[in-house]
Amino acid sequence: MNLEFNKNEDLNKQTVYELKTRLKQIYKGGGEKNAAKQKEKGKLLARERIAYLLDENSEFLEVGAFAAEGMYAEQGGCPSAGVVCGIGYVSGRQCMIVANDATVKAGAWFPMTAKKNLRAQEIAMENRLPVIYLVDSAGVYLPMQDEIFPDKEHFGRMFRNNALMSADGIVQISAIMGSCVAGGAYLPIMSDEAMIVEGTGSVFLAGSYLVKSAIGEEVDNETLGGATTHSEISGVTDYKHPNDQACLDSIKNIMSMLGAPENAGYSRIKAMSPKHNSEEIYGLLPENREKQYDMLDIIERLVDNSELEQYKKEYGQSIICGLARIDGWAVGIVANQRKVVKSKKGEMQFGGVIYSDSADKAARFIMNCNQKKIPLVFLQDVTGFMVGSRSEQGGIIKDGAKMVNAVANSVVPKFTIVVGNSYGAGNYAMCGKAYDPRLIYAWPSAKIAVMGGAQAGKVLLQIQQASLKVKGEVASAEKEAELLKEITERYDSQTTPYYAASRLWVDGIIDPLETRKVISMGIEAANQSPIKRQFNVGIIQT
């Protein structure tokens, strides 16, 4: 056991090291050369602006750090989708911060930039978090305008959200700290308050080149839309500041005067560390996604005092349900058990698979948590629902639908951590991205796909073989083996947490030791947004 523990520990620590190395690279944004150009203008970089704004020694939870990772290679890449977003504390108040990174294509908006900004706004709207926009962007990346401009979830949705948040009383403060062009000019001006930095900040619907092209007028950008113009002549901006630091100080001051948020009333007591050492997770989590392990061992290293009040402990054992506390917050945990279990009927059940009894139990537990106003935490390591004639005749679809229904209709905040596998309909039942978790983060060990690589490879190979057969061709055994290897490798590359995070299927990838922080900050955010909707699961197949 010690040998296996050590092997697991080495591998999992290596994956965390790789995660931190990749993050360090992303934090460089558009590189040193582009950073130097910003510095020459007297500007702070996006991450420096956020660091200056945040309360000293406070936590910051980044959202979408890996957005667009590995994408837009032909355009030279777009680290972090050219915008830094996250939940942090400014003057003691938890808020969402959105800062354009002008070192990446002058802060231009790529398709993933829009998706990431909309995700940041979604988190703010769900949790009623104040939003601080640090604007420094050249606007839409014109060569890709067709993928970012006209559709429902594109650029224009941002301003629609600005309007909805304003109407709903969610505070929005904008600072124009660089370029702010065309449609993007509406974002700061649709905020409650807009400030501008002298010399570097500018805001206009059309820049000087476009103005000359459109109406023949010759005018420089500063006269057209600089700080003096908008603070003294047009009245578009509310505050003018000499530099970035003064501007950020002003935001801190305004934030210090906000009225207290509403309270949703989620239970919190004094936090306790897990009794079992959390670092042991590295040794307990197998280095191979197919291997069995006891999910209870992981849970005991995540929850306060390692205490879990298990619900229906002996029934539906392939899903663990129970009440616990994380950083003092009461939570209902729904987790896939990854070891083989034996039911009281003598049936052996595979780890990571959802059976009728476990789906039935989880649905009931989820409904109970909604009744008691307890936030839900899903720990995913699921390979899917049980298949075969016995399961079908036992009503697995009906029981699975019951669980999906309960998850979909939950009114308490939900948080999802992808520990290992997240396959097929199991992803849905365990609150995947489509089921509106307030936050969803993955460990480096995560795998997200419709099915596992080995199974998918064989299915895809069969499809390819059938296609060859139609053409009258038959692949040799060697060619088949080569095809299977190629198909499986390509498929596996699309199941990594990095592939998922780059497309924002998850909000980020975290060291397992950061899990408590993510859930705690998430519930603290959710606690500012009282439940308004009555819990109702509608029609359930019984």
Side-chain angles (χ1 to χ4, degrees), residues 1-2 4-9 11-13 16 59 61 266-287 291-341 351-352 358 361-362 365-366 368-369 372 374-382 412-420 430-431 439 441-446 510-524 527:
M1 179 62 190
N2 280 341
E4 189 166 334
F5 185 98
N6 292 340
K7 186 181 175 186
N8 293 341
E9 187 176 45
L11 184 121
N12 286 313
K13 283 186 174 179
V16 169
E59 296 281 11
L61 179 58
Y266 302 123
S267 171
R268 190 181 201 186
I269 60 172
K270 188 179 177 184
M272 294 176 75
S273 298
K275 198 184 292 178
H276 299 299
N277 186 355
S278 295
E279 291 202 12
E280 289 173 357
I281 288 171
Y282 298 135
L284 292 164
L285 190 68
E287 78 338 309
K291 284 189 177 178
Q292 301 287 310
Y293 65 95
D294 191 342
M295 180 60 90
L296 273 172
D297 289 339
I298 304 295
I299 293 170
E300 286 173 352
R301 284 154 182 82
L302 293 175
V303 300
D304 288 15
N305 208 34
S306 301
E307 290 175 353
L308 177 73
E309 180 80 28
Q310 275 206 66
Y311 175 78
K312 291 185 188 282
K313 184 178 179 180
E314 308 297 335
Y315 176 73
Q317 296 173 69
S318 76
I319 290 184
I320 298 165
C321 296
L323 299 174
R325 288 190 182 270
I326 291 178
D327 200 32
W329 294 104
V331 294
I333 292 176
V334 181
N336 303 108
Q337 175 56 285
R338 277 305 314 270
K339 70 175 186 180
V340 174
V341 293
S358 48
K361 170 173 103 173
F365 179 72
I366 290 163
N368 266 327
C369 286
K372 296 179 178 71
I374 299 172
L376 287 160
V377 172
F378 293 83
L379 301 177
Q380 286 193 4
D381 195 344
V382 58
V412 292
K414 298 168 292 196
F415 302 89
T416 302
I417 305 294
V418 188
V419 170
M430 292 294 294
C431 197
L439 295 171
Y441 281 81
W443 288 2
S445 46
I510 55 167
D511 180 339
L513 301 186
E514 291 182 284
T515 305
R516 282 170 57 85
K517 165 189 153 180
V518 168
I519 294 166
S520 178
M521 285 184 71
I523 300 176
E524 184 183 348
N527 202 38

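Values below: every heavy atom of this structure, side chains too, minus hydrogens, waters and symmetry copies.
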Please list every donor-acceptor pair under 3.5 Å in which a side-chain atom of residues 268-275 meets a protein atom from a residue at least two apart or in another chain.
from : atom 1 : to   : atom 2 : distance (Å)
R268 : NE     : D327 : O      : 3.1
R268 : NH2    : D327 : O      : 3.1
R268 : NH2    : D327 : OD2    : 2.9

- request: Take V331 and L323 through the side chain to side chain contact (heavy atoms under 4.5 Å, CB included) test and state the conclusion after the steps.
  value: CA-CA 6 Å; V331 294; L323 299 174; over 6 Å; no
Approximate separation, where rounding is to 0.5 Å, of [X] [atom1] and [Y] [atom2]:
| X | Y | atom1 | atom2 | answer |
| --- | --- | --- | --- | --- |
| S445 | N8 | OG | CG | 10.5 Å |
| L11 | E287 | CG | CD | 6.0 Å |
| I333 | Q310 | CD1 | CD | 10.0 Å |

query: Only one of L302, V418, V334, N336 clears side chain to side chain contact (heavy atoms under 4.5 Å, CB included) with L379; which?
result: L302
With a 3.5 Å distance limit and no angle check, can you tell me whether [X] reaches the backbone of [Y] through a side-chain donor-acceptor pair?
| X | Y | result |
| --- | --- | --- |
| S278 | R301 | yes |
| N6 | G283 | no |
| K361 | G316 | yes |
| N527 | I523 | no |
| K414 | C431 | no |

Cut-off 3.5 Å, side chains only: do [X] and [Y] have a donor facing an acceptor?
| X | Y | value |
| --- | --- | --- |
| D511 | Y282 | yes |
| Y293 | D381 | yes |
| E307 | N305 | yes |

Could you pull out the closest heavy-atom pair between [X] and [Y], with the gap in Å?
| X | Y | value |
| --- | --- | --- |
| P375 | A330 | CD-O, 3.4 Å |
| Q337 | M295 | OE1-N, 2.9 Å |
| N12 | L285 | ND2-O, 2.8 Å |
| P512 | I281 | CB-CG2, 4.0 Å |
| D304 | R516 | OD1-NH1, 2.7 Å |
| A362 | C321 | CA-SG, 3.9 Å |

query: Of all residues at least two apart in sequence or in a different chain, which pass the side-chain contact (heavy atoms from CB on, under 4.5 Å) check with E300?
result: H276, D297, S306
- request: Kindly indicate, with the supporting measurements, whether the criterion side chain to side chain contact (heavy atoms under 4.5 Å, CB included) is fulfilled by W329 and I519.
  value: CA-CA 9 Å; W329 294 104; I519 294 166; over 6 Å; no
task: Could you go through the side chain to side chain contact (heavy atoms under 4.5 Å, CB included) check for W443 and I298 one step at a time?
output: CA-CA 13 Å; W443 288 2; I298 304 295; 3.7 Å; yes
- request: Apply the test side chain to side chain contact (heavy atoms under 4.5 Å, CB included) to residues F5 and L284: give CA-CA distance (whole Å), side-chain angles for both, the deciding distance (0.1 Å), then the verdict.
  value: CA-CA 6 Å; F5 185 98; L284 292 164; 4.1 Å; yes
- prompt: Should the heavy atoms of other residues, nucleotides or ligands under 6.0 Å from CD of Q292 be counted, would the total exceed 12?
  reply: yes
message: Tell me if the NZ atom of K7 is crowded by more than 12 foreign heavy atoms within 6.0 Å.
response: no
